[in-house]
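As structure tokens, the structure follows; a few thoughts come after it.
Fair warning: this is a prediction, and the values are worked out from it, not measured in the lab.
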Amino acid sequence: MKAPAALLLPALMLAGCGGNEAPKPAPTPTPSATPAPDPAARLDAAVKAAWPEGVKQGPIVFDDNKLIDTAFGPVLVSHGHVPDAAHVDAGTIAATYLDPAGTGFRVRKAWPKAAESGSFGDLAEWSITDKFAANPVIYVEGGGTWQGYTCSYTSLVELRPEGPVEIASFQSVYDDGGAVEDKPQSIRGKIATIRKGQDFTVKFEGTRSFAERYFWRGGKYQREGGESQIPTC
């Protein structure tokens with residue numbers, strides 16, 4: 001005999017409600033991730049800390065800056081040039097060691113002339129590299145022309161915890177085409193093979209081709225053998 005429909009309805013409702021099930025726990029809120037610092041804003045804050053009165057310091061304008069995060073704190077590396085400079089004026093690289101301070105930085109110590117190179121108030125090329133030493137290294141190249149002779153020099157400056165230290169320097173360009181008519185020479189060297197903290201090789205090409213090797217000794221790179229084969233200005 002079938003039960004009346006009115007008696008079946010409560011049973012179906014109880015089965016659908018799961019009367020003996022434990023209540024489900026409330027979902028755990030997901031913590032919001034801290035937004036990464038904006039690189040442009042950090043660089044701007046570092047520049048303001050290093051040059052609070054503006055990037056023009058006397059005759060030098062520091063308008064090209066890179067913020068480097070090192071194991072001993074942030075370092076602002078700044079390229080300075082002299083507008084309307086004399087031939088003898090060099091370009092400049094400054095290094096400012098910083099400490100975080102709130103949303104910005106404060107200066108721990110500064111080296112306004114960590115490196116100087118070039119002529120007419122500027123250098124030819126600069127960059128930051130990790131290929132040569134345990135700490136970041138500033139690569140600087142600069143030169144000029146004097147009475148028809150063109151020479152350029154390359155320097156490596158390591159950013160150490162105690163301050164910038166030059167760890168290598170060599171002449172990388174010689175050209176006497178503006179002064180010599182009979183058999184002029186033009187030679188340019190570029191760093192080739194590098195073994196960090198051990199040695200690197202400079203390959204020279206042009207009128208003559210040769211290579212010179214620099215070994216790590218006494219906390220810097222020193223050329224193997226006697227004098228360099230490249231003519232001097």
Side-chain angles (χ1 to χ4, degrees), residues 64 66 68 70 75 77-81 87-95 111 113-180 182-233:
D64 186 10
K66 299 181 188 297
I68 311 301
T70 73
V75 177
V77 182
S78 305
H79 166 216
H81 63 95
H87 191 183
V88 296
D89 292 329
T92 305
I93 297 291
W111 287 264
K113 294 184 178 181
E116 289 185 287
S117 189
S119 61
F120 287 109
D122 210 353
L123 45 85
E125 181 181 349
W126 77 284
S127 60
I128 307 293
T129 176
D130 60 358
K131 295 180 179 180
F132 293 94
N135 301 296
V137 168
I138 310 170
Y139 171 96
V140 181
E141 185 177 338
T145 301
W146 296 266
Q147 298 179 344
Y149 293 87
T150 299
C151 286
S152 187
Y153 302 85
T154 296
S155 298
L156 302 176
V157 178
E158 183 180 2
L159 296 172
R160 293 180 178 173
E162 65 273 18
V165 176
E166 185 178 86
I167 58 172
S169 181
F170 59 90
Q171 185 178 333
S172 48
V173 172
Y174 175 84
D175 191 308
D176 59 16
V180 177
D182 185 26
K183 296 182 180 179
Q185 298 183 76
S186 180
I187 303 169
R188 181 176 183 86
K190 282 290 188 182
I191 297 175
T193 308
I194 306 168
R195 296 192 300 172
K196 182 189 288 190
Q198 298 183 56
D199 57 49
F200 67 82
T201 301
V202 183
K203 290 187 176 181
F204 292 88
E205 296 180 346
T207 310
R208 289 191 291 135
S209 296
F210 55 92
E212 295 182 346
R213 199 171 180 187
Y214 287 74
F215 286 91
W216 184 263
R217 296 193 187 97
K220 61 175 60 179
Y221 287 100
Q222 301 182 44
R223 187 176 55 250
E224 180 184 33
E227 295 184 357
S228 174
Q229 296 182 55
I230 188 170
T232 59
C233 285

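When atom types are taken as modelled, the side chain of Ser152 and the backbone of Gly142 share a donor-acceptor pair closer than 3.5 angstrom. Formation of a donor-acceptor pair under 3.5 Å by the Thr193 side chain with backbone atoms of Phe200 is not found in this model.
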Step by step, work out the side chain to side chain contact (heavy atoms under 4.5 Å, CB included) result for Ile68 and Val77. CA-CA 7 Å; Ile68 311 301; Val77 182; 4.1 Å; yes
With side chain to side chain contact (heavy atoms under 4.5 Å, CB included) as the test, would you mind laying out the steps for Phe170 and Ile191 before giving the verdict? CA-CA 11 Å; Phe170 59 90; Ile191 297 175; 3.8 Å; yes
Give the C-alpha distance, both sets of side-chain angles, the deciding distance and a yes or no for side chain to side chain contact (heavy atoms under 4.5 Å, CB included) between Ile187 and Asp175. CA-CA 6 Å; Ile187 303 169; Asp175 191 308; over 6 Å; no
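Between Gln229 and Glu212 the shortest heavy-atom distance is N-OE2, 2.7 Å. The minimum heavy-atom distance linking Pro164 with Trp111 is given by the pair CD-CD2, 3.3 Å.
Here the side chains of Ile128 and Ile138 are in contact, with some heavy-atom distance below 4.5 Å. Considering only heavy atoms from C-beta on, Tyr174 comes within 4.5 Å of Asp176 through its side chain.
A distance of 9.5 Å separates CG of Asp64 from CG of Asp122, quoted to the nearest 0.5 Å. Taking CG from Asp130 and CG from Asn135, the interatomic distance works out to 11.0 Å, rounded to the nearest 0.5 Å. Ile167 contributes atom CD1, which lies 13.0 Å from atom OH of Tyr214 (distance to the nearest 0.5 angstrom).
A donor atom on one side chain and an acceptor atom on the other are not found under 3.5 Å apart for Gln171 and Thr232. Under the 3.5 Å distance criterion, with hydrogens and angles disregarded, a donor-acceptor pair is assigned to the side chains of Glu141 and Tyr139.
Applying the salt bridge (Lys or Arg N to Asp or Glu O under 4.0 Å) criterion to Glu116, with sequence neighbours excluded, gives Lys113.
Taking a 6.0 Å sphere around CD of Glu162, one finds it holds more than 12 heavy atoms contributed by other residues, nucleotides or ligands.
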